[in-house]
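On a predicted model such as this, the values are computed, not experimentally measured, just so you know.
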Amino acid sequence: MTSTLQHGGRSSAAESSVDRAAEVEQRQGRWLALSVLVLAVLLVAVDATVLGLATPYISEDLNPSGTQLLWIGDVYSFVIAGLLVSMGSLGDRIGRKRILLGGATAFGAVSVLNAYATTPELMILARALLGVAGATLMPATLALIRNLFHDPRERSLAVGVWGATASAGTAVGPIAGGFLLEHFWWGSVFLINLPVMAVLVLVGIRTLPESRNPDPGPWDLVSVVLSLVGVIALVYAVKEAATHGFTWQTLATGLLGAGALYGFVHRQLTMPTPLLDMRLFRHRGFSGAVLADLLTVLGMSGLVFFLSQYLQLVQGRRPFEAGLAELPAAVGAVAAGLVAGRVARRFSVRAVVSGGLAAVGVALAVLTTLGRSTGYPVLGTALLVVGIGAGFSFTVTADVILSSVPKDQAGAASAVSETAYELGAALGIALLGSIVTGVYRDFTGPAGTPATAHESLGAAVETAAHMSPHTAGALLDAARGSFVHGLHLASAAGAAILLATAATAWFLLRNQKLENAG
């Protein structure tokens, strides 16, 4: 009897030990898989940031018009915004691991095309193709996090690491890009994607678990086309209206986009298994978080796109120095992202999101005081506040969005979140970027200033290099002054948008809470 009890006790202890070992292995496996997912985030973040640094060099080498330069900046966002929902839904159907690894491989291959583009038109095409590949990455990473981490507090930390890596990428990109631009040609900044992609694919094959919707239904190509046409046409119409005013072509394009998006929504509501379940938007927390992300990025993106040009072409910093100058924003975002979930549980979701957005709005308002010779402490402090506020807001809204949906719909929900982000970026560059461009073009240069100098500040710097010192100085003073004035107006508009978004989030996210473990 005693022997039996002792044997049974040893057996139970052994089984318990095996269970604990399996649990530890599973837990370690989740975090190892997360390390692969954040590589994909790093890939996209680095690519987005190095473009801003490389813009003056691309402008000098490829000689794009002002409109082409904006297209180089925002066509990636246009395409990725139009395809995110479709690709997120495709990942739910064929497997998120499969689409992530396939997309990463394509992303690396198309990066080579970006690096060796020889004309503005080819560069725009390469950026568009990169958008197609990029649309597969972000929804898959968040969806896999939703399926890997079932404990709400662990998931919040994982989302924080995910967001912190994106922010770190915005720091690594300018610094690595600045170093490369000082030692190699501008195409090298795109080739840094290749080693990251290689590690992601090789390690991801072994560590990432596959997950998909067990009953997904067909992937509706009509919905894919409606989504793509709707988003691209609507954003293009906004960009053209902001740049050239309303014309019948702009109105027709806008109506085409609105009609396609209406058709997409109507089709989703009538299909038994839609690409995107529109009932998700009935959840106030989900809708509020998505709207907050869209408006926040809209308010910030115009400034982000032109900041590198300000640092290099106005203040005369070298590319590597300009990359270091943008570092405080990433440091603030990383620090805030890692603690955002804990802070939101201690206080409230709406306090953290609204407070973060208000801080960004105030920092953007401070940037309206920038001059050509403003000292770095003012700019560095403002960027640090922008990073902290954005880190708190984006991390908590991503957590809210993931927590609001079943695991089977994680890909589509993540795609909605990323669509809001990319759509906000495209609209921000189109609207706020057009403010900067429009104000810049009106500067009065010395006699004999060619029209090309009015296309972009980079073109003015290139033109000045072939003028006499006196004439060149007058041209650069006028061009830089006009550019800074446009930057002031864009910063003021961004500040107004962020402060209004903070107030809106306070109401939309009331009573919203993050899940607790249990």
Side-chain angles (χ1 to χ4, degrees), residues 41 45 48 138 142 155-170 284-304 328-367 382-404 413-414 416-425 427-428 494-514:
V41 178
M138 300 301 280
L142 270 177
R155 186 168 62 241
S156 290
L157 180 57
V159 171
V161 172
W162 179 87
T165 305
S167 301
T170 64
R284 184 162 47 83
F286 180 89
S287 299
V290 169
L291 181 63
D293 284 352
L294 188 150
L295 294 177
T296 302
V297 178
L298 192 158
M300 292 171 55
S301 59
L303 169 72
V304 170
V331 172
V334 168
L338 292 175
V339 300
R342 190 183 312 164
V343 175
R345 286 182 173 86
R346 178 175 177 81
F347 297 99
S348 70
V349 166
R350 74 172 183 173
V352 173
V353 174
S354 296
L357 297 183
V360 176
V362 171
L364 290 180
V366 170
L367 293 181
L383 289 177
L384 178 64
V385 174
V386 167
I388 293 172
F392 274 122
S393 176
F394 286 137
T395 303
V396 174
T397 53
D399 203 342
V400 168
I401 289 168
L402 283 183
S403 302
S404 302
S414 302
V416 172
S417 172
E418 292 301 320
T419 299
Y421 189 96
E422 295 297 338
L423 195 56
L427 290 172
I497 292 170
L498 264 295
L499 292 173
T501 304
T504 302
W506 180 262
F507 290 102
L508 290 179
L509 297 177
R510 68 182 183 276
N511 300 324
Q512 184 67 42
K513 299 181 185 299
L514 297 184

Throw together a table of side-chain donor-acceptor distances under 3.5 angstrom for residues 348-358, partners on residues two or more places apart or in other chains.
{"from": "S348", "atom 1": "OG", "to": "A351", "atom 2": "N", "distance (Å)": "3.1"}
{"from": "R350", "atom 1": "NH1", "to": "W506", "atom 2": "O", "distance (Å)": "2.9"}
{"from": "S354", "atom 1": "OG", "to": "R350", "atom 2": "O", "distance (Å)": "3.0"}
{"from": "S354", "atom 1": "OG", "to": "A502", "atom 2": "O", "distance (Å)": "3.0"}
{"from": "S354", "atom 1": "OG", "to": "W506", "atom 2": "N", "distance (Å)": "3.1"}

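A335 pairs by the side chain to side chain contact (heavy atoms under 4.5 Å, CB included) definition with nothing, not counting sequence neighbours. By the side chain to side chain contact (heavy atoms under 4.5 Å, CB included) test, A359 is found to be paired with V385, residues two or more places apart in sequence or in another chain being considered. S287 meets the side chain to side chain contact (heavy atoms under 4.5 Å, CB included) test with F281; sequence neighbours excluded. The side chain to side chain contact (heavy atoms under 4.5 Å, CB included) check on A158 picks up W31, L34, I145, F149, with sequence neighbours excluded.
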Before giving the answer on side chain to side chain contact (heavy atoms under 4.5 Å, CB included), spell out for F392 and V343 the whole-Å C-alpha distance, their side-chain angles and the decisive distance to 0.1 Å. CA-CA 9 Å; F392 274 122; V343 175; 4.0 Å; yes
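Here the closest non-hydrogen pair linking L295 and I497 is O-CG2, 3.4 Å. Minimum interatomic distance between L367 and A382 (heavy atoms only, all atoms of both residues): CD2-CB, 3.6 Å. Residues V360 and A390 approach most closely at CG2-N, 3.6 Å, considering heavy atoms. The nearest pair of heavy atoms linking A495 to G361 is CB-O, 3.3 Å. Nearest heavy-atom pair across V396 and A344 is CG2-CB, 4.0 Å. Minimum heavy-atom separation, A289 to I401: CB-CG1, 3.7 Å.
Residue pairs meeting the side-chain hydrogen bond (donor to acceptor under 3.5 Å, both in side chains) criterion with at least one partner in residues 382-397, sequence neighbours excluded, are D293-T397.
In this structure, the side chain of R510 engages the main chain of F507 through a donor-acceptor pair within 3.5 Å.
L499 CG to L364 CG: the interatomic distance, rounded to the nearest 0.5 Å, is 8.5 Å.
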